[in-house]
Amino acid sequence: MAAAFGIAAGCTQRDTRIQKAARYLWAKQAEDGGWHSQTYGLLRSGQSLTPFVLDALLDVPENVVAPPAGAIDRAIAFIKRNINQDGLLGLMDSTAVDYPNYATGLAVRALSRAKSPGWEPMLAALRLQQFTEANGWHRDDPPYGAWGMGGERRVPPDAGHVDLAMTRYVLEGFAAAGARPPDRALADALVYLDRCQNPDGGFFFSTVEADINKAGEDASHNRAQRQEPAMRGKAGEQAGKFRSYGSTTADGVLALRAAGVAADDPRMARAKRWLRDHHRFDRVPGFEGTARETWSEGLRFYYAGAISSAMPELSVLLPLQRADGSWANPNNIVKEDDPLIATAFALRAIAKGAASTA
């Protein structure tokens with residue numbers, strides 16, 4: 001089995017963890033080239049999971065684990081078979097929509113990294129999904145510059161689901177495909193990113209749906225607004241209304257980077273300072289003292305994967321790796337109990353050199 005996966009001899013403990021995780025994930029690739037959840041029906045089609053897992057596996061150096069022969073090509077072929085006529089992934093299962101913009105952004109990134117042609121129609125489709133004037137949105141509208149769930153193009157006043165994570169993954173697809181400022185999509189995205197950054201430097205999740213800001217509202221900010229009515233509704237801004245938290249602040253750093261924001265830009269510096277000041281190695285910061293602390297455990301693997309890319313100098317501690325090479329989160333609040341999801345996040349964190357295990 002070791003020879004089949006090209007495992008190198010004389011490996012470090014870190015390499016051994018990477019080998020076991022990569023071996024687990026490659027073994028779960030189906031005959032059709034995709035990865036299919038056995039935990040969640042919504043993810044069974046493999047349209048979003050396949051580029052997600054493939055992108056994590058592309059972080060593994062070939063001198064640590066070489067992919068099985070033809071495995072990358074089969075994954076890419078699966079992705080391309082599931083792109084619809086509009087250029088979007090995630091819409092080919094008639095029973096469930098599978099996160100189209102997220103899946104398509106990840107697919108553009110994975111194909112670009114694998115140096116496989118064919119991502120151009122997907123990038124064009126994502127441009128049409130952005131909340132901009134092309135879809136009837138204006139700069140003062142809360143979702144302006146962001147990307148939502150995807151599928152049917154959204155026009156005012158119905159934005160649907162809009163969040164920073166989907167926007168980050170689309171922007172990372174753009175960056176991997178070579179988009180750079182002054183690309184209009186990147187410039188417009190910065191409007192949304194600026195709105196999601198709080199005065200403390202951290203980020204919140206959505207300017208559109210209050211309930212999905214997982215750390216909740218900032219009580220002190222809202223008290224100040226009640227005392228000074230002139231602060232309310234200023235240019236549609238919500239900065240400071242919702243609490244900053246770790247996973248979405250790491251997303252903010254990665255989204256700013258993908259949009260072409262320089263490392264020494266004040267927005268980047270403030271976000272990184274928030275992460276340095278609040279980082280916790282075994283859970284997501286920002287939920288302390290709230291009724292939502294379960295999110296700090298539920299997002300543990302997501303945070304490990306994101307912080308390892310955003311600020312690899314901030315180390316994280318993962319639970320013990322299971323005997324088969326996988327991980328799973330006992331907290332299922334964001335589907336990290338699915339070992340394909342938890343293991344891909346963990347693999348990325350360890351491959352970036354930012355994670356150790358208990």
Side-chain angles (χ1 to χ4, degrees), residues 5 21-60 65 67-114 116-119 121-123 125-126 129 147-152 161 165-166 168-170 172-173 176 301-302 305 324-329 332 334-348:
F5 284 89
R23 188 166 57 205
Y24 171 84
L25 290 172
W26 283 123
K28 292 297 180 181
Q29 186 180 26
E31 290 186 7
D32 65 3
W35 281 268
H36 304 271
S37 177
Q38 301 301 308
T39 309
Y40 292 99
L42 175 63
L43 302 174
R44 196 157 292 153
S45 78
Q47 294 174 89
S48 64
L49 264 182
T50 299
F52 169 70
V53 174
L54 177 61
D55 191 53
L57 285 165
L58 290 173
D59 281 340
V60 178
V65 181
I72 291 177
D73 289 340
R74 291 192 295 115
I76 290 171
F78 174 89
I79 290 170
K80 291 181 177 179
R81 284 197 307 273
N82 283 281
I83 300 169
N84 75 359
Q85 62 183 5
D86 296 323
L88 292 173
L89 190 62
L91 294 165
M92 296 298 277
D93 184 345
S94 60
T95 63
V97 171
D98 193 358
Y99 303 102
N101 284 345
Y102 168 84
T104 306
L106 274 166
V108 171
R109 176 175 158 89
L111 267 62
S112 298
R113 294 180 70 200
S116 175
W119 48 262
M122 290 188 282
L123 198 67
L126 288 170
Q129 289 283 323
W147 281 268
M149 187 71 70
E152 182 179 348
H161 180 103
M166 291 193 190
R168 165 210 156 181
Y169 279 104
V170 171
E172 288 188 323
F301 286 89
Y302 186 102
D324 65 358
S326 71
W327 281 268
N329 193 336
N332 67 358
V334 288
K335 301 183 176 67
E336 289 187 358
D337 57 323
D338 186 329
L340 292 177
I341 293 174
T343 305
F345 279 136
L347 176 60
R348 169 152 288 163

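Note that these values count all heavy atoms, side chains included, but never hydrogens, waters or copies made by symmetry.
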State which residues pass side-chain contact (heavy atoms from CB on, under 4.5 Å) with Asn84; sequence neighbours excluded, sorted by chain then number. Asp86, Leu88, Leu91, Met92

For Ala107, give me all partners under side-chain contact (heavy atoms from CB on, under 4.5 Å), at least two apart in sequence or on another chain. Pro51, Ile79, Leu89, Met122

Which residues satisfy the side-chain contact (heavy atoms from CB on, under 4.5 Å) test with Ala21, sequence neighbours excluded? Gln321, Trp327, Thr343, Leu347

Can you name the residues that form a side chain to side chain donor-acceptor pair (under 3.5 Å) with Asp32, not counting sequence neighbours? His36

Looking only at heavy atoms, what is the nearest atom pair of Thr50 and Ala75, with distance? CG2-O, 4.1 Å

Partner residues of Lys28 under the side chain to side chain donor-acceptor pair (under 3.5 Å) criterion, sequence neighbours left out: none

Using modelled atom types only, decide if a donor and an acceptor are shared between the side chain of Asp98 and the backbone of Gln47 within a distance under 3.5 Å. yes

Considering residues at least two apart in sequence or located in another chain, which fulfil the side chain to side chain donor-acceptor pair (under 3.5 Å) criterion with Ser94? none

Sequence-distant partners of Arg74, side-chain contact (heavy atoms from CB on, under 4.5 Å), two or more places apart: Gln29, Ala71

Contacts of Tyr99 that satisfy ring pair (Phe, Tyr, Trp, His ring centres under 6.0 Å) - sequence neighbours left out: none

Partners meeting side chain to side chain donor-acceptor pair (under 3.5 Å) with Asp338 (sequence neighbours left out): Ser37

With Arg109 via salt bridge (Lys or Arg N to Asp or Glu O under 4.0 Å) - residues at least two apart: Asp55

For Arg81, check salt bridge (Lys or Arg N to Asp or Glu O under 4.0 Å) against everything at least two apart and list the hits. none

Excluding sequence neighbours, so at least two apart, what forms ring pair (Phe, Tyr, Trp, His ring centres under 6.0 Å) with Trp35? Trp26

What is the distance from atom CG of Leu123 to atom CG of Leu111, rounded to the nearest 0.5 Å? 11.5 Å

